[in-house]
Amino acid sequence: MSRIGKKVVAIPAGVTAALSDNVLTVKGPKGTLTMGVSDQVTCAVEDGTVAIQPINTSKQARSHWGMQRTLVANLVGGVTEGFSKVLELKGVGYRAQIQGKTLKLQLGYSHDVDIAIPEGIEIKTPDNTTIEISGIDKQKVGQIAAEIRRWRKPEPYKGKGIKYRGEFIFRKEGKKK
């Protein structure tokens, strides 16, 4: 039995959830999100909660159960509070700045790296070594953060690169004399 799937998702005040044709729509103060519900589970919206149940006891239905509940919780969390990730640049000459709908990165390459900011995502650069990514869709926020980080992953010798705030980089000693 799924411990996560058993829990119902509470819908806070100011948020509405509606289910039609296996598509769950959640509206809140920050916006509207929709999600297709798997055919391996049943979804019920009632009394200010969303409950997910597997359609049978097969392994596939049970594996979808907890994941669908977590996705519904992410929808509710996104339209109420939103999600954010903070990236930090460490290295000589590594900089980030916003120019219109483009994030311009200087990462030690012979050229600047331009990343288009997708719809529904807000990116801020409070200083030139910090990037704050926020939005209501947790998957989109994490995906754009991973795409930015992929340009210069932190290296283990000096720790240079793009890392998440709070991420620990294992450092190697280097040569001994």
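- For the pair Ile148/Leu87, a side-chain contact is recorded, criterion being any heavy-atom separation below 4.5 Å from C-beta on.
- Phe83 has its side chain out of reach of Asp137: every pair of non-hydrogen atoms, C-beta onward, lies at least 4.5 Å apart.
- Side chain of Glu167 to backbone of Tyr164: a donor-acceptor contact under 3.5 angstrom is found.
- Between the Thr70 side chain and the Gly66 main chain, a donor and an acceptor come within less than 3.5 Å of each other.
- We find the CG-CG distance between Leu89 and Asp127 to be 9.5 Å, quoted to the nearest 0.5 Å.
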Which atom pairs, one a donor and one an acceptor, fall under 3.5 Å between side chains of residues 33-48 and the rest of the protein, sequence neighbours left out?
| from | atom 1 | to | atom 2 | distance (Å) |
| --- | --- | --- | --- | --- |
| Ser38 | OG | Gln40 | N | 3.1 |
| Ser38 | OG | His64 | ND1 | 2.9 |
| Thr42 | OG1 | Gln53 | O | 3.3 |

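- How far CD1 of Ile136 is from OG1 of Thr32: 7.0 Å, rounded to the nearest 0.5 Å.
- Not counting sequence neighbours, the partners of Tyr109 by the side chain to side chain contact (heavy atoms under 4.5 Å, CB included) test are Leu107, His111, Val113, Trp151, Arg152.
- At a threshold of 4.5 Å between non-hydrogen side-chain atoms, the residues Ile133 and Ile121 count as touching.
- Residues Val79 and Val50 share a single hydrophobic cluster, defined by chaining ILVMFWY side chains whose heavy atoms lie under 4.5 Å apart.
- Residue Lys104 qualifies as enclosed at atom NZ: its count of foreign heavy atoms under 6.0 Å is above 12.
- With a 4.5 Å cut-off on side-chain heavy atoms, Val72 and Gln68 do not count as touching.
- In this structure, Arg95 CZ and Thr129 OG1 are separated by 10.5 Å, a value rounded to the nearest 0.5 Å.
- Partners of Glu132 under the salt bridge (Lys or Arg N to Asp or Glu O under 4.0 Å) rule, at least two apart in sequence or in another chain, do not exist in this structure.
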For this session: Dump the intermediate steps for side-chain contact (heavy atoms from CB on, under 4.5 Å) on Ile117 and Ile98, then the final yes or no.
Result: CA-CA 9 Å; Ile117 299 172; Ile98 300 290; 4.0 Å; yes
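- Note that CD1 of Ile169 is 9.5 Å distant from CD of Glu155, once rounded to the nearest 0.5 Å.
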Problem set entry | Worked check of side-chain contact (heavy atoms from CB on, under 4.5 Å) between Thr80 and Val15 | CA-CA 7 Å; Thr80 55; Val15 176; 3.3 Å; yes
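- Minimum interatomic distance between Glu119 and Lys140 (heavy atoms only, all atoms of both residues): O-NZ, 3.7 Å.
- Gly135 approaches Val141 most closely through the heavy-atom pair N-CG2, 3.6 Å.
- Here the straight-line distance linking atom CD of Gln97 with atom CG of Asn128 works out to 8.5 Å at 0.5 Å rounding.
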Exercise. Does the pair Glu173 and Tyr157 meet the rule for a side-chain contact (heavy atoms from CB on, under 4.5 Å), with working shown?
Worked result: CA-CA 7 Å; Glu173 283 185 32; Tyr157 297 102; over 6 Å; no
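- Of the possible polar contacts, one joining the Arg62 side chain to the Thr57 backbone as a donor-acceptor pair under 3.5 Å is found.
- Between the Arg69 side chain and the Lys7 main chain, a donor and an acceptor come within less than 3.5 Å of each other.
- Contact check for Gln106 versus Tyr94: no side-chain heavy atoms found under the 4.5 Å cut-off.
- Under the 4.5 Å side-chain contact rule for hydrophobic residues, Val76 and Val8 do not share a cluster.
- Interatomic distance, Lys163 NZ to Arg149 CZ, rounded to the nearest 0.5 Å: 10.0 Å.
- Contact of the Pro156 side chain with the Arg171 side chain is not registered, since no non-hydrogen atoms from C-beta on lie closer than 4.5 Å.
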For this session: Check step by step if side-chain contact (heavy atoms from CB on, under 4.5 Å) holds for Leu105 and Asp112.
Result: CA-CA 6 Å; Leu105 300 172; Asp112 291 349; over 6 Å; no
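- Judged by distance alone, the side chain of Asp21 and the main-chain N or O of Val23 form no donor-acceptor pair under 3.5 Å.
- One hydrophobic cluster, built from ILVMFWY side chains closer than 4.5 Å, cannot hold both Leu103 and Val86; they sit in different ones.
- Across all non-hydrogen atoms, the minimal contact from Pro29 to Gly14 is CD-O, 3.9 Å.
- The only member of Ile131, Ile144, Thr102, Ile123 that meets side chain to side chain contact (heavy atoms under 4.5 Å, CB included) when paired with Ile115 is Ile144.
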